[in-house]
There are 2 protein chains.
Amino acid sequence: MRADALKNRERILEAAETTFARLGLSVPIDVVAEQAGVGVGTLYRHFPTKEALFEAIVMSRLEELVDEAKTRIDANDPADALFSFLRRFANEALAKADLFDAMNAAGFDIKSRCAEMVDEMRRGIDILVVNAKAVDAVRPDVTADEVMSLISGTCMAARQSRLDDASCQRMVDIVCDGMRLAVAT
Amino acid sequence: MRADALKNRERILEAAETTFARLGLSVPIDVVAEQAGVGVGTLYRHFPTKEALFEAIVMSRLEELVDEAKTRIDANDPADALFSFLRRFANEALAKADLFDAMNAAGFDIKSRCAEMVDEMRRGIDILVVNAKAVDAVRPDVTADEVMSLISGTCMAARQSRLDDASCQRMVDIVCDGMRLAVAT
DNA sequence: GACGATACGGAACGATCGTTCCGTTTGTCA
DNA sequence: TGACAAACGGAACGATCGTTCCGTATCGTC
């Protein structure tokens with residue numbers, strides 16, 4: 001690997017990270033290339049497809065989240081384990097627009113490697129939810145799918161409406177509170 | 001107006017309503033035309049632009065929602081007024097994908113007439129929220145913008161994940177419960 | 001310093017989609 | 001029924017975007 005090529009590869013990754021985070025997966029690939037100070041041809045030699053570049057950006061963060069979910073499975077306080085993870089997930093999603101795109105694209109395209117990672121995250125959340133239910137910390141009828149959709153949908157909407165940080169945090173609070181066990185119906 | 005033209009106009013509206021509801025604003029205009037059994041040229045003579053057709057479909061429903069919000073302002077029970085409206089809003093949004101697109105497009109394009117209508121809905125919800133706060137039925141710190149984003153984001157995510165009806169209803173329940181006043185922190 | 005392999009840039013291609021244009025058909029009215 | 005305006009259908013246009021291709025520049029080695 002030539003030194004020049006290595007430098008360009010890193011510049012592309014850097015540009016893609018900031019650009020995808022700001023504008024999501026929908027930005028034209030030319031914009032990323034320009035941001036990196038590189039021609040499109042160069043970009044495509046390093047990453048055979050737009051999706052590949054996207055995966056390179058998102059997969060590591062997704063893996064890290066999955067790891068954090070799994071780590072919390074053995075925590076002492078199942079309620080805190082679930083809710084602290086959800087808050088961590090929300091903050092990640094609020095900061096970087098591309099996480100949603102990864103999760104939504106994952107829902108549609110079977111082929112994407114992100115899909116597996118998202119599915120593994122769902123399994124992790126499922127365990128956290130089951131544990132939290134065991135100590136009556138969350139409603140007994142809620143599912144992991146619902147929890148994921150609730151958090152990601154909330155963050156997506158908050159981001160789209162350009163709400164400020166306090167609003168975003170409050171919205172996550174509201175969703176988490178709602179998932180807790182209702183005292184009496 | 002020729003009889004033929006009138007019939008086609010209605011067929012276009014009908015096709016657009018079902019197609020937009022199912023697939024959202026992103027469906028190609030050709031699909032709507034084909035569904036209506038009509039050429040694209042005909043469609044464009046009746047509606048000068050895709051956005052115009054979309055407005056024709058969505059505006060009336062949006063107006064109806066705004067009316068319902070305003071009607072509930074004078075209700076006896078402010079808490080029920082707010083939450084029954086939110087449930088109504090959620091059901092409308094869950095049934096028809098185009099409502100989101102209207103609201104999101106409204107956020108971006110100043111020009112769209114939908115934007116004004118969405119803004120008016122926000123004002124209506126704001127009053128409902130203020131009234132509900134007055135009787136301690138919702139958290140004192142939540143805003144109308146947050147309420148709208150919470151509901152629409154939740155419905156959008158539920159729809160995207162193709163969750164079943166029971167899940168969708170439960171998610172709306174969770175969000176509404178979370179907005180209620182926390183008993184003690 | 002020169003040569004060959006490697007990498008670069010960006011013009012060009014093909015697909016998609018909103019919109020326009022025009023030759024043809026069809027409804028309406030005398 | 002005939003003629004004209006109104007309406008129709010769909011091919012074609014232009015813009016956007018992902019991807020490919022190839023002539024040119026650059027790096028690494030002797």
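Letters A, B, ... are given to chains in the order of the sequence lines, protein chains preceding strands, and every chain is numbered from 1. Keep in mind the model is a prediction, meaning the values are calculated, not measured.
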Subject >> Main-chain N/O of V142(B) paired to K133(B) side chain as donor or acceptor, under 3.5 Å >> reply: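 Yes, because the side chain of K133(B) sits within donor-acceptor range (under 3.5 Å) of the backbone of V142(B).
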Rounded interatomic separation in angstrom, taking [atom1] from [X] and [atom2] from [N]:
X      : N      : atom1 : atom2 : value
R2(B)  : dC4(D) : CZ    : P     : 16 Å
I29(B) : dG9(D) : CD1   : C1'   : 16 Å
I12(B) : dA7(D) : CD1   : P     : 12 Å

Original post:
Within the structure, does a side-chain N or O atom of N8(B) lie under 4.0 Å from either OP1 or OP2 of dA7(D)?
Top reply: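 Result: no.
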Original post:
With respect to the phosphate group of dC8(D), does any side-chain polar atom (N or O) of H46(B) fall under 4.0 Å of OP1 or OP2?
Top reply: yes
**OP:** Establish whether the base of dA7(D) is bridged to the side chain of R45(B) by a donor-acceptor pair shorter than 3.5 Å.
**Re:**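 Donor-acceptor pair under 3.5 Å: no.
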Original post:
So what does V31(B) touch, heavy atoms closer than 4.0 Å: a base, only the sugar-phosphate, or nothing?
Top reply: nothing
**OP:** Using a heavy-atom cut-off of under 4.0 Å over every strand shown, decide if A33(B) touches base, sugar-phosphate, or nothing.
**Re:**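 No contact.
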Subject >> Given DNA chain C, 5'-ward residue of the pair A3(B) and V27(B), judged by closest heavy atom >> reply: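 Looking at DNA chain C, the more 5' nearest nucleotide goes with V27(B).
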Subject >> Pairwise 5' ranking along DNA chain C for P28(B) and D4(B), keeping only the more 5' one >> reply: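 With P28(B) and D4(B) compared, the 5'-side residue is P28(B).
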Subject >> Residue pair A157(A) / S149(B): nearest heavy atoms and the distance that separates them >> reply: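 The answer is CB-O, 3.2 Å.
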Original post:
First contact, last contact: which nucleotides of DNA chain C are these for chain B, 5' to 3', heavy-atom distance under 4.0 Å?
Top reply: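 So the outermost contacting nucleotides come out as dC17(C) to dT28(C).
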Original post:
So does D177(B) pair up with R139(A), basic N to acidic O under 4.0 Å?
Top reply: yes
Original post:
Are any of the side-chain nitrogens in D119(B) or R122(B) under 4.0 Å away from the carboxylate oxygens of its partner?
Top reply: yes
Original post:
Heavy-atom count around E34(B) CD within 6.0 Å, excluding the residue itself: above 12?
Top reply: no
Original post:
Is it true that the NZ or CZ of R180(B) lies under 6.0 Å from the centre of F83(B)'s six-membered ring and within 45 degrees of the ring axis?
Top reply: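 Here R180(B) passes the 6.0 Å and 45° test against F83(B).
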